[in-house]
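Read through the structure below, which is laid out as structure tokens, and then see the notes.
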2 protein chains.
Amino acid sequence: MNEVVVLTPERILEATEEVLRRYGLAKATVVDVARALDVSHGSVYRHFPSKASLRQAVAKRWLDRANAPLQKIAESTGPAPARLDKWLRTMIDIKYKKVCEDPEMFATYLTLAQEACEAVKAHKERLVDQVAHIISDGVKQGAFQAADVKTTARAVFDATTRYHHPAHCDDWKDPAKAARVDALLGLLLRGLEAPRKR
Amino acid sequence: MNEVVVLTPERILEATEEVLRRYGLAKATVVDVARALDVSHGSVYRHFPSKASLRQAVAKRWLDRANAPLQKIAESTGPAPARLDKWLRTMIDIKYKKVCEDPEMFATYLTLAQEACEAVKAHKERLVDQVAHIISDGVKQGAFQAADVKTTARAVFDATTRYHHPAHCDDWKDPAKAARVDALLGLLLRGLEAPRKR
DNA sequence: GTGCTGACAGATTTCAATATCTGTCATTCA
DNA sequence: TGAATGACAGATATTGAAATCTGTCAGCAC
């Protein structure tokens with residue numbers, strides 16, 4: 001029963017992540033990936049048309065993994081204000097933990113993400129939709145006021161940029177971060193709960 | 001009356017900006033600056049101890065210039081909500097115009113600012129103090145609610161990061177920007193005006 | 001004396017030769 | 001027949017020698 005191990009896109013992505021972790025973004029080559037899988041580099045090109053597309057696929061995988069827990073919170077039930085608070089704090093935490101536990105890999109993913117900016121745009125769109133979903137629930141529950149849910153969701157997402165956008169990750173070790181996040185989320189939630197004028 | 005033109009720090013900074021504009025950040029050398037002033041490069045080192053300090057001084061000048069109009073608004077009188085709105089929109093506009101009218105020079109200043117991160121920190125502190133000043137007026141006027149003015153000011157500053165931090169300048173040409181800024185500022189002002197719970 | 005110069009040492013950058021990698025494809029192997 | 005190979009051309013990265021720059025300082029000029 002000598003199972004022949006077939007070369008799948010999934011296995012290639014796995015190996016690519018390993019190579020990126022080991023060699024770093026700048027030094028990782030398609031030849032390295034092929035070597036890790038014990039195949040010729042031509043075989044890799046049978047599954048991915050270019051090195052760029054391989055990198056994109058790695059970035060996409062990473063974004064999908066980051067998305068899953070947030071999706072879950074967005075789709076849960078209960079009072080919207082607490083849910084939005086939790087969703088935002090979870091997003092902030094996910095990013096923070098990622099950068100803490102493996103800063104080099106975080107930098108790698110960051111660069112990959114910049115290259116795959118279309119995938120990032122789609123990812124952000126999904127996140128804003130999740131916020132919109134929560135806010136929409138909040139409006140139904142009478143807890144939130146919002147003229148345009150999607151626009152409001154985007155405003156909330158924009159307002160927290162400093163704590164989830166990787167460009168600001170150097171600031172995340174600020175010891176006053178927790179207090180600043182509290183102040184920011186408090187301000188936003190009060191803004192959502194407030195009656196709109198005119 | 002053959003006035004002898006003396007070499008001042010101010011003249012050196014002027015020449016340095018000119019050299020940066022002409023050659024770009026990477027290629028600009030102290031020798032170039034000296035040549036532009038028609039002196040030996042040793043003379044430049046009489047006024048600035050190092051190339052790094054010269055760059056820092058250029059960055060500082062730039063930050064100070066950007067600060068002036070905002071300071072004016074912060075110190076003016078009248079209803080705080082409108083003043084805060086104007087202050088934030090002015091800050092956003094200043095950055096936007098800078099990046100539009102000369103993107104290369106903006107990139108240059110951005111790198112200089114990263115090097116002179118202490119000066120940037122001080123600059124941001126000044127800006128937050130201006131926001132705090134406006135919010136403090138708002139509280140006195142009964143228009144705003146704020147437990148801790150400085151913390152609230154920081155939250156407002158943080159919340160607008162996406163529209164004033166240079167890391168996001170690529171997003172500033174988004175045609176929906178104006179609408180998104182409106183939504184964000186509206187949300188923040190409602191949050192400031194809302195009564196605090198508990 | 002004060003301010004500038006220009007020659008210098010060590011650090012940094014440039015440049016061109018060399019090595020490695022990306023992406024293709026005719027050929028092999030099961 | 002369809003996946004994998006490995007040799008290849010053109011693109012990209014590495015390397016080390018040469019050129020340039022940074023920062024210092026003894027000496028010159030006013």
query = Quick one: is S40(A) getting a side-chain N or O under 4.0 Å of the dA4(D) phosphate, OP1 or OP2?
reply =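 No.
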ask   = Between Y96(A) and W172(A), is the ring centre distance below 6.0 Å?
value =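 Y96(A) vs W172(A): aromatic centres not under 6.0 Å.
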In whole Å, I'd like the distance from the [atom1] atom of [X] to the [atom2] atom of [N].
X	N	atom1	atom2	value
R11(A)	dA4(D)	CZ	C1'	14 Å
L25(B)	dC21(D)	CG	P	15 Å
Y45(B)	dG23(D)	OH	C1'	5 Å
R55(A)	dG23(C)	CZ	P	10 Å
L37(B)	dT5(C)	CG	C1'	15 Å
H47(B)	dC4(C)	NE2	P	5 Å
D38(B)	dC4(C)	CG	C1'	13 Å
L54(A)	dC21(C)	CG	P	16 Å

query = When the nearest nucleotide of DNA chain D is assigned to S43(A) and to K27(A) on a heavy-atom basis, which residue is associated with the more 5' position?
reply =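 Whichever sits nearer the 5' end wins; that is S43(A).
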Taking atom types as modelled, find out whether [X] and [Y] have a side-chain donor-acceptor pair closer than 3.5 angstrom.
X	Y	answer
T90(B)	D93(B)	no
D158(B)	Y163(A)	yes
E193(A)	Q145(A)	no
Y109(A)	E104(A)	no

Which residue lies more 5' along DNA chain C, comparing D32(A) with R46(A) via nearest heavy atoms =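 By nearest-heavy-atom nucleotide position, the 5'-most residue is D32(A).
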key: Residue V31(A), side-chain atoms from C-beta onward, closest of dT22(C), dG23(C), dT5(C)   =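 My answer, after comparing the listed nucleotides, is dT22(C).
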key: Minimum-distance nucleotide (side-chain atoms of L7(B) versus dT22(D), dT5(D), dC4(C))   =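 Nearest nucleotide to the side chain: dC4(C).
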query = Has the side chain of H41(A) got a donor or acceptor atom sitting under 3.5 Å from an opposite partner on the base of dG23(C)?
reply =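 Flag set: donor-acceptor pair detected.
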query = Base, sugar-phosphate, or nothing for V30(B), non-hydrogen atoms under 4.0 angstrom?
reply =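 It contacts sugar-phosphate atoms only.
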